Amino acid sequence: MMIVVFELGRRTIRFSGFKDADATPFLSGAIDRCRIHSSKDALAQILSEVRATNRGIVDLKPDVLAVRVPFGGTFFRTPVLVDASVVAALEDMIPRAPIHLPAVVSLIRGCEQTLPGTPIVAVFDTAFFADLPAKEHLYALNADLARSLQLRRFGYHGILHQAACSHVVRQAPGERLRILSICLERRPELAAVADESPVMVTGGATPLEGLPGERSSGDIDPSIPLLLAQKEGYGLEQINDLLTRQSGLLGLVGEPVTFSDVFTGKNPAYESAREVFRYRLLLACGAGVAAMNGLDTIVFSGAYHTLGEILGPWLLSKLKLERPAKLPPVTWSCFPDTIEYVIAQTAAAAAPSGTQEARPAAKRATRGR
Amino acid sequence: MRILVFNCGSSSLKYRLIELPDEKELVGGEAQRVGPKTAEPARIIHRIGKTEETHYVEMPDHAAALGEVMKLLRRDPNLVPDALGHRVVHGGAGFHRHTRIDDAVIEALEPTLALAPIHNPPIVRLIKACRQLYPELPQVAVFDTAFHATIPPHARTYALPRRLREDEGIRKYGFHGISHQYVTTEAARLLGIPLERFNAVSCHLGSGGASLCAVVNGRSIDNTMGYSPLQGLVMSTRSGDLDPAVTLQLLALDYGDCRAIEKTLNSRSGVLGLSGISADIRDVLRKAAESGSETDAADVTAQVYMWRIRKYLGAYLAVVGNAHAVIFTDTIGELVPAVRQAVCSDMECFGLAIDEHRNAHAAKLPADVASDRSRVRILAIATNEELAIARFSYNVLMADAGAAKTGGAA
């Protein structure tokens, strides 16, 4: 079975193709969004590029198309097979994610036009957190205001958190695990997941809240944006750009760096950034442990999951938790699957069974909520 | 030594004359509704021992309030202060310790006015008025931020561009330091642990503002409040933590009107905004108990309020590592057992076990409400900011006198 996964970046549309259960994509790349008229043309353009560059694939005939959707509100609680009602629901939600959703809808339309009849599965970053308890998802804002603007905490790396936690749970069948799931992407996120349900997450109404990222500030005093507007005379776009694209590790170090650089590089300029991030991660871990009244294991996922080999032992040395003697010691592990592969598998499992000869992903399918 | 303590609020002036080192209050009181006229008349509640008298006088500003307070003090020739101690909410980045006031200090306070535009200007004006009135008396500035000067760079640094951090002074300052420092010192003394080896999480839960403080070796290493008192816990009318993108979204909605959003986040959010009932969590808890429904606005508000404290308590216990105690203080921390119970229950992994009976019946403070098997003690301690200001002022003056003596000998 062939699955092609689409992700919308700020400037590009990324695509990756997977065959059966092979975790290595046979096809991957990105198209500059500026070069296409709309994301509607994306698939047609990918197909022609693949043919033109002669990558050894004469016919790209996907069985399933998967689209990563950054925002699904509380309406989309699982991956869904796209039909007219799904597109209508996504369109209704555009005011909540005005930058991303129009492109998603347009991409889906393009897929339908270019490869009619091929099932399209929408996989949502927010779905895992749709049932987050009220005490965790509510901000202490005026209730009417928050309701009218639908301001609440969502959490944004649900796809990876869910896959990593499911993986950990499968290793220890029958145990009710309390997991700190640490997704180390460019915008990292920590979730506390008890018995496969998230009870706490650092991501907020947007992915900006929480841990600092490579270029995003993470938590700051909520009065700081006001200060920047008043004292510095910044406009809203400027402040947004400053907090989401000039802060984080970039702001701390003074030059663009990755999490790998900061944690494995020898440059002394990285030290303070490393300490800030580790400290914020430890705070988040403590909060997550309090949310679950304990901890059984830590799992690292995402592009930088291997940094778990540095951070896992460090966190365990810092978290001096008391533990009943009958329980095994707290462990940590790294979940290596890429977000694209997880999406491909999720989509394969959610696609109608008639469209495929084999369902390699079924045995690793994540739990639908 | 008799120290006259001033605790200056935006529209109030609390004062106490305290004999040190005996810590005996000679007289005290509060000027209320200082400033522009309000629905109720301005007045001074003046307290001598157990008797209280109310004086109605016009007090258009804090200088006028000072004059009226001094008139009351002068009625008794025995009530002459030897020194003055002032609470200063924000010491900026310059003041790392409580400091005796001179011309240079007054000058160094100028840049703090912009950092705390509501609190600091009336305080600095009051200090100036006192210096004119009593040029001969030593005065001490006791800062809410000074205790937090020991917060290390990794905890006080926001992940923002260097220009904002260094040129604009955008960093975590932390607040409620006077109270956190006072109860931390009291807790160490109660437990018989030397302060310089004492580790704790101090929970200052006021009826208005609230913050948690992580303490290692008797020093603050973190505070939930940040650049301003808006960050951190859910407070009576302040939102506490919020996605910065939400601030921007609100700002966009209000066409960039910063004042309006400031007001929304500081005065219309928190317990009041969520519950729609009251800014006082005690009212909300009462209402929640009556309703008994978990989806009731009052119950949801109570859950959000306590959950935020609980998450920060876990976060701070993790960074403190080996805490001797969790301390609860100020109005809610001292008087509301239900909050302590909810926050400390099911926290065995941190070595915390609260005794439900002891907690419910902790009427006389200080009280240890942890069970015998709890590794970490759970203490309810009454804060006393005016006494703390007197004490810290006394310490500064004694240290100065000691230094002067040594200097003279050398």
Side-chain angles (χ1 to χ4, degrees), chain A residues 134-136 138-143 145 149 151 153 200 204-206 208-209 212 217-227 229-232 236 239-240 242-243 246-249 251-252 254 272 275-276 279 282-291 293-295 318-323, chain B residues 153-155 157-162 168 170 172 226-228 230-231 234 239-249 251-253 256 258 261-262 264-265 268-271 273-274 276 297 300 303-305 307 310-319 321-322 346-351 375:
Chain A
K135 61 189 174 188
E136 174 67 10
L138 286 175
Y139 291 114
L141 291 170
N142 178 288
L145 178 74
L149 297 176
L151 292 175
R153 180 188 299 285
M200 171 265 180
T206 74
L208 179 56
E209 195 176 352
S217 67
D219 292 330
I220 53 171
D221 189 311
S223 71
I224 290 173
L226 298 175
L227 177 86
Q230 270 173 319
K231 213 171 138 200
E232 307 280 306
L236 298 186
I239 300 172
N240 185 51
L242 193 137
L243 296 181
Q246 299 171 39
S247 296
L249 300 183
L252 289 169
S272 63
E275 285 190 2
V276 167
Y279 181 75
L282 181 59
L283 285 174
C285 284
V289 171
N293 181 31
L295 174 66
K318 292 284 167 187
L319 289 168
K320 299 182 184 100
L321 300 175
E322 293 190 5
R323 212 165 152 75
Chain B
H154 60 250
T157 305
Y158 293 118
L160 293 171
R162 176 167 298 154
E168 301 300 327
I170 298 183
K172 181 191 284 271
Y227 175 79
S228 81
L230 183 56
Q231 197 176 356
V234 177
S239 65
D241 290 337
L242 205 58
D243 190 322
V246 169
T247 312
L248 287 179
Q249 201 178 335
L251 209 48
L253 206 72
C258 290
I261 301 309
E262 224 166 60
T264 300
L265 297 182
R268 297 191 188 127
S269 300
V271 171
L274 252 183
V300 168
Q303 286 182 48
V304 172
Y305 174 88
W307 183 248
R310 182 188 179 84
K311 284 203 292 180
Y312 269 118
L313 179 58
Y316 281 2
L317 286 168
V319 296
N322 253 322
D346 295 328
M347 291 279 264
E348 285 83 4
C349 57
F350 291 108
R375 180 176 61 75

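Worth saying up front: this structure is predicted, and the values here are computed from it rather than measured. Residue numbers start from 1 in every chain, and the chains themselves are labelled A, B, ... in the order their sequence lines are given, proteins ahead of strands. All heavy atoms count here, side chains included; hydrogens, waters and symmetry mates do not.
- Heavy atoms of Ser239(B) lying under 4.5 Å from chain A belong to its backbone as well as its side chain.
- The greatest number of non-hydrogen atom pairs below 4.5 Å with chain B, out of Gly294(A), Ser217(A), Pro212(A), is found for Ser217(A).
- Using a 4.5 Å heavy-atom cutoff, the side chains of His154(B) and Ser272(A) are not in contact.
- In terms of heavy-atom pairs under 4.5 angstrom with chain A, the leader among Gly276(B), Ala297(B), Ser269(B), Gly321(B) is Ser269(B).
- Contact count versus chain A (heavy atoms, under 4.5 Å) is highest, among Val234(B), Val319(B), Asn322(B), for Val319(B).
- The local environment of NZ in Lys318(A) is sparse, with at most 12 non-hydrogen atoms from other residues, nucleotides or ligands closer than 6.0 Å.
- Taking 4.5 Å as the limit, every side-chain heavy atom of Leu283(A) sits out of range of all side-chain heavy atoms of Tyr312(B).
- Neither the backbone nor the side chain of Leu295(A) comes within contact range of chain B, judged by heavy atoms closer than 4.5 Å.
- Pairing each heavy atom of Asp219(A) with each of Tyr158(B), the nearest pair is O-CD2, 4.1 Å.
- The distance from the CZ atom of Arg153(A) to the CG atom of Asp243(B) is 8.0 Å, given to the nearest 0.5 Å.
- When each of Gln246(A), Met200(A), Glu232(A) is checked for heavy-atom pairs under 4.5 Å with chain B, Glu232(A) comes out on top.
- The minimum heavy-atom distance between Leu252(A) and Arg162(B), with the atom names listed, is O-NH2, 3.6 Å.
- The most heavy-atom pairs under 4.5 Å with chain B, out of Leu145(A), Leu249(A), Leu138(A), Ile224(A), come from Ile224(A).
- Two residues are said to be in side-chain contact when any heavy atoms from C-beta on lie closer than 4.5 Å; Gln249(B) and Leu151(A) meet this criterion.
- Ranking Leu243(A), Leu242(A), Leu319(A) against chain B, the residue ahead of the rest is Leu242(A), based on heavy-atom pairs under 4.5 Å.
- Paired with Leu248(B) under the rule side-chain contact (heavy atoms from CB on, under 4.5 Å), one option of Leu208(A), Leu236(A), Thr206(A) passes, and it is Leu236(A).
- No other option in Val276(A), Val289(A), Asn142(A), Asn293(A) has as many heavy-atom pairs under 4.5 Å with chain B as Asn293(A).
- With a 4.5 Å cut-off on non-hydrogen atoms, Leu313(B) does not touch chain A at all.
- Top candidate by heavy-atom pairs under 4.5 Å with chain A, chosen from Asp241(B), Leu251(B), Ile261(B), is Leu251(B).
- In terms of heavy atoms, Leu160(B) sits closest to Ser247(A) at CD2-OG, 3.7 Å.
- The nearest pair of heavy atoms linking Cys258(B) to Leu226(A) is SG-O, 3.9 Å.
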**Request:** Go through Ile170(B) and Ile220(A) one step at a time and tell me if the side-chain contact (heavy atoms from CB on, under 4.5 Å) criterion holds.
**Result:** CA-CA 10 Å; Ile170(B) 298 183; Ile220(A) 53 171; over 6 Å; no
**Request:** Could you go through the side-chain contact (heavy atoms from CB on, under 4.5 Å) check for Thr264(B) and Leu141(A) one step at a time?
**Result:** CA-CA 8 Å; Thr264(B) 300; Leu141(A) 291 170; 5.5 Å; no
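- Of the atoms belonging to Leu265(B), it is side-chain heavy atoms, and not backbone ones, that fall under 4.5 Å from chain A.
- At least one side-chain heavy atom of Trp307(B) sits under 4.5 Å from a side-chain heavy atom of Glu136(A).
- Heavy-atom minimum distance, Ser228(B) versus Asp221(A): N-OD2, 2.7 Å.
- Between Ala134(A) and Val304(B), the shortest heavy-atom distance links the atoms O-CG2, 4.2 Å.
- Chain B forms the most heavy-atom pairs under 4.5 Å with one residue out of Gly218(A), Gly254(A), Cys285(A), Ser223(A), and that residue is Ser223(A).
- Using a 4.5 Å heavy-atom cutoff, the side chains of Arg375(B) and Glu322(A) are in contact.
- Both the backbone and the side chain of Arg310(B) come within contact range of chain A, with heavy atoms under 4.5 Å apart.
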